[in-house]
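Remarks on the structure that follows.
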Amino acid sequence: MLDLTNRPQTPTSAMAVASTAPAATQGARPTLADLKAHVSARTDVTPSVKSRYLGAIGEVGEILNRPLVAVSAELSLVEERFPLDGFDPDHWPTDVAYRLFRRRLQAPLRQFLGVHEAQAALRAQQDDWTRLFAAIKPLAEGRVGKNAKWHPMKLEALKTFALVARSYGWQPQDLTLVEARRIDADFRGNKRDANARALRRLDELRTFPELLPLLPQRPIGFGAERRVPLITEIEPVWEAQFLPWIEAVTKTGWDPVSQEFADEHTKHAAVMRAAMRTGLRIGLEIGAVSSNQPDLKAILADDEIVCAIAGEMLARHDRSKKKGRLRPRTSRKYIKILNQFRAHLGIETAMLKQVLANNDVARKGKQAEKSMTPKNRKFCEGLIEKPALRRRFLTSFQVLRAAAEASLARIAAEDRKPTPGEIARVRKLGAAACFAAIEIGGAPIRVENAMRLTCVENDAQIRIPKKGKQPIKIHIPAALTKNKVTIEFPIRLNKHGYHDTIHWYLRVIRPLFAHAATSPYLFPAVRTPGAYLNPDFFGAEFAGLMRTVVNLPMTPHQMRHGQTSLLLERHPNEIEVIAKRIDDTPGTLRQFYGWLNSMKLVERGQDLLVELMEN
């Protein structure tokens with residue numbers, strides 16, 4: 001269906017919605033209180049459905065801690081505040097329960113705003129799209145891969161896209177690269193990607209001569225390189241200047257023998273690129289710089305320009321994420337990096353140092369740098385306070401493995417070969433289970449180190465003995481770790497099963513990777529021979545599986561935070577042991593997990609006061 005929630009409404013779609021909206025909302029901005037009253041008065045739904053809708057609406061007020069009359073009844077409320085991946089265990093027991101709540105909120109909201117009627121009107125139109133679908137239908141009939149010339153699901157996707165095109169008033173013949181880029185710029189997220197695929201499908205249909213009279217006069221040519229960037233592109237002349245500066249700053253320790261740099265700070269280089277690109281984009285947006293200024297050094301040397309950019313960075317701390325929010329710690333980090341560029345170029349740095357030292361938001365950023373992020377702290381507090389979440393965390397590898405084994409068992413029971421989609425999902429589940437088993441049963445190593453674990457040759461970083469009872473040993477050289485300290489630990493056999501899970505992964509799951517036989521890595525890349533699984537890709541997939549399968553939204557890095565918090569809460573005097581477990585220092589633990597001790601002291605103070613009252 002046409003999704004009006006992911007793009008600014010065009011005049012056509014806005015009029016369609018407004019013309020069918022309840023009369024009470026005309027001329028005024030409707031609120032959830034209006035939505036509640038509208039649902040209460042509906043006679044087209046059963047009492048049980050009405051009760052569920054009203055329950056979901058009331059739940060929004062409780063979650064936002066605001067009266068319903070103060071919450072606007074807008075489609076963006078669902079997409080921004082309650083996105084598909086927004087499951088929070090504080091409010092819902094499972095991801096399924098969260099998505100049910102989301103549907104119960106979205107359905108009456110769409111009906112209230114007239115979206116369903118607008119969609120129905122678009123769908124009912126008899127036009128060139130209708131004629132095109134009628135001509136495609138015979139090509140999509142029959143068995144896929146046998147006598148069907150075009151996949152029927154592609155036809156259904158194209159029908160969904162037609163609602164988008166109709167909302168602009170465009171027929172198939174009207175679509176050119178200009179219209180394609182307009183649609184691409186207006187949408188976000190999954191809907192944007194679906195539109196892009198549909199535009200490519202229209203060109204794909206040109207292989208059928210009988211359809212040509214119903215298609216655009218010329219191919220649209222909407223490939224990946226034609227898509228509208230989600231963020232403003234930086235002038236190539238600027239990139240050509242600052243990339244060498246970053247390389248000079250982040251690559252140190254040249255070794256004439258190996259002809260390589262001994263130290264390469266790749267993460268800091270990525271942050272430096274982000275800081276410079278963000279700063280230049282902000283400069284363009286506020287008019288402080290122009291794309292006609294080719295000399296980046298001259299821009300950085302202008303105190304007035306740089307101060308304006310820094311001021312805008314700091315001012316973005318209270319914006320929404322969609323409008324370019326920058327947390328105080330992020331804006332402070334970016335400003336420090338801009339000053340690092342100035343220092344590298346021999347430009348005076350005193351002005352930005354003053355900003356960092358005296359600006360109120362910058363000071364908040366400095367304080368935030370010394371503590372755990374609110375998101376990570378909330379995650380850790382949940383594990384400590386809620387036994388159910390703690391069990392999900394500590395047994396996550398078992399749940400992920402069980403899900404993979406259930407899929408394999410179902411395929412075996414049906415006596416058939418798995419589909420490519422089933423193989424991909426089992427691979428993801430198995431890799432996630434193995435990673436979690438290493439993190440919990442061994443030690444929480446960083447995801448980059450985990451993905452790069454080699455499992456063959458004499459210098460293998462993970463040694464998995466063929467005899468099941470011998471410990472699995474992990475040895476990561478100091479040169480490959482963040483703190484430049486060797487990481488070494490065993491994973492011993494016990495009743496909890498992480499040792500067995502790693503063996504299971506090696507025996508059952510790893511062979512499902514196409515290049516496993518020739519790969520030296522425990523986690524081989526899916527497509528590239530000889531490469532390891534991309535840490536960013538794995539991290540995103542792991543987070544999705546933890547949310548939907550284990551019902552515990554978390555990232556791979558939160559394995560470290562979760563374990564450390566649980567151990568410090570239970571064993572506060574074992575700080576040296578716990579620091580060694582996560583390859584960090586006791587000082588860092590005291591700094592970032594000090595809130596645990598503070599809470600204990602506050603609670604102890606409350607207990608002392610209760611004793612006074614009772615005596």
Side-chain angles (χ1 to χ4, degrees), residues 87-95 370-402 432-447 449-450 474 482-483 487 489-499 501-502 539 542-543 545-547 549-604 607:
F87 165 50
D88 184 346
D90 281 351
H91 302 294
W92 301 276
T94 65
D95 183 65
K370 297 178 180 179
S371 59
M372 187 181 289
T373 65
K375 183 177 180 180
N376 284 334
R377 176 168 171 174
K378 180 183 176 183
F379 171 76
C380 294
E381 287 176 338
L383 296 185
I384 291 170
E385 295 169 3
K386 299 178 181 179
L389 294 186
R390 186 160 61 249
R391 283 193 296 272
R392 293 177 196 175
F393 177 76
L394 294 173
T395 62
S396 55
F397 66 94
Q398 298 172 355
V399 177
L400 293 164
R401 175 180 175 177
C434 182
F435 170 78
I438 292 171
E439 298 281 298
I440 295 169
I445 58 177
R446 290 175 172 82
V447 67
N449 288 128
I474 290 180
K482 180 180 179 180
N483 296 332
I487 295 176
F489 57 85
I491 301 175
R492 296 189 294 267
L493 177 70
N494 63 24
K495 65 180 181 180
H496 298 296
Y498 29 73
H499 183 280
T501 296
I502 297 170
F542 178 84
L545 292 172
M546 289 297 293
R547 184 182 72 251
V549 177
V550 183
N551 287 308
L552 179 63
M554 62 172 286
T555 64
H557 190 71
Q558 286 174 328
M559 276 286 183
R560 300 172 59 82
H561 290 310
Q563 289 187 44
T564 304
S565 297
L566 290 172
L567 289 170
L568 284 172
E569 195 274 335
R570 186 67 60 88
H571 305 287
N573 296 324
E574 299 281 2
I575 192 166
E576 296 281 348
V577 174
I578 299 168
K580 179 62 179 175
R581 177 173 175 78
I582 66 166
D583 181 34
D584 225 321
T585 65
T588 300
L589 264 65
R590 292 188 181 96
Q591 177 178 325
F592 284 90
Y593 299 89
W595 55 271
L596 272 167
N597 190 50
S598 296
M599 290 299 294
K600 284 183 175 293
L601 292 174
V602 169
E603 290 169 2
R604 179 56 181 157
D607 292 341

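Heads up: numbering here begins at 1 and tracks the sequence.
- Gln558 places a side-chain N or O within 3.5 Å of a backbone atom of Thr555 that can act as its donor or acceptor partner.
- For Thr501 against Ala433, the heavy-atom pair with the smallest separation is CG2-O, 3.9 Å.
- The shortest heavy-atom contact between Phe542 and Ala432 is CD1-CB, 3.7 Å.
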Next item on the list: For side chain to side chain contact (heavy atoms under 4.5 Å, CB included), just list the numbers for Met546 and Arg392, CA-CA rounded to whole Å, side-chain angles, deciding distance to a tenth of an Å, and then say yes or no.
Entry: CA-CA 9 Å; Met546 289 297 293; Arg392 293 177 196 175; over 6 Å; no
Notebook entry, point to check: Do Ile445 and Glu439 pass the side chain to side chain contact (heavy atoms under 4.5 Å, CB included) test, and can you show the C-alpha distance, the side-chain angles, and the key distance before you say yes or no?
Noted result: CA-CA 6 Å; Ile445 58 177; Glu439 298 281 298; 3.3 Å; yes
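- Taking the six-membered ring where tryptophan is involved, the planes of Phe379 and Phe393 are perpendicular, since the angle between them exceeds 60° and thus also 30°.
- Of all heavy-atom pairs spanning His499 and Ile491, the tightest one is CD2-O, 3.2 Å.
- In this structure, CZ in Arg604 is found 10.5 Å from CG in Leu601, a value given to the nearest 0.5 Å.
- By the 4.5 Å heavy-atom criterion applied to side chains, Asp584 and Thr564 are not counted as neighbours.
- Taken from OG1 in Thr373 to NE2 in His561, the straight-line distance is 6.5 Å, to the nearest 0.5 Å.
- Other residues, nucleotides and ligands contribute more than 12 heavy atoms inside 6.0 Å of the NZ atom of Lys386.
- One distance of note links OG1 of Thr395 with OH of Tyr498; it measures 13.0 Å at 0.5 Å rounding.
- Counting heavy atoms from C-beta on, the side chains of Ile384 and Leu596 come closer than 4.5 Å.
- Looking at heavy atoms from C-beta onward, Gln563 lies in side-chain contact with Ile440 at the 4.5 angstrom threshold.
- Put simply, the side chain of Asp95 never gets that close to the backbone of Asn551: no donor and acceptor are under 3.5 Å apart.
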Note to self: With side chain to side chain contact (heavy atoms under 4.5 Å, CB included) as the criterion, how do Trp92 and Asp88 come out once you've worked through the C-alpha distance, each side chain's angles and the decisive distance to 0.1 Å?
What the structure shows: CA-CA 6 Å; Trp92 301 276; Asp88 184 346; 4.0 Å; yes
Checklist line | Trace of the side chain to side chain contact (heavy atoms under 4.5 Å, CB included) decision for Val550 with Leu545 | finding: CA-CA 7 Å; Val550 183; Leu545 292 172; over 6 Å; no
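- Taking 4.0 Å as the cut-off between side-chain N and carboxylate O, Glu576 and Lys580 do not count as a salt-bridged pair.
- Listed by chain and residue number, nothing satisfies the side chain to side chain donor-acceptor pair (under 3.5 Å) test with Ser371 (two or more places apart in sequence, or in another chain).
- Of all heavy-atom pairs between Ile575 and Pro586, the closest is CD1-O, 3.8 Å.
- Rounded to the nearest 0.5 Å, atoms CG (Leu566) and CG (Leu383) are 5.0 Å apart.
- Contact of the Arg590 side chain with the Asn597 side chain is not registered, since no non-hydrogen atoms from C-beta on lie closer than 4.5 Å.
- Contact of the Asp90 side chain with the Lys378 side chain is registered, since non-hydrogen atoms from C-beta on lie closer than 4.5 Å.
- We find the CG-OG1 distance between Leu552 and Thr94 to be 12.5 Å, quoted to the nearest 0.5 Å.
- Between Phe87 and Pro553, the shortest heavy-atom distance links the atoms O-CG, 3.2 Å.
- Between Ala443 and Arg581 the shortest heavy-atom distance is CB-O, 3.6 Å.
- The shortest side-chain heavy-atom distance between Met559 and Pro556 does not fall under the 4.5 Å cut-off.
- Counting only heavy atoms from C-beta outward, the side chains of His557 and Val447 never approach each other to under 4.5 Å.
- Annotation: side chain of Trp595 is in contact with side chain of Ser565 (closest heavy-atom distance under 4.5 Å).
- A distance of 8.5 Å separates CD in Gln398 from NE2 in His496, rounded to the nearest 0.5 Å.
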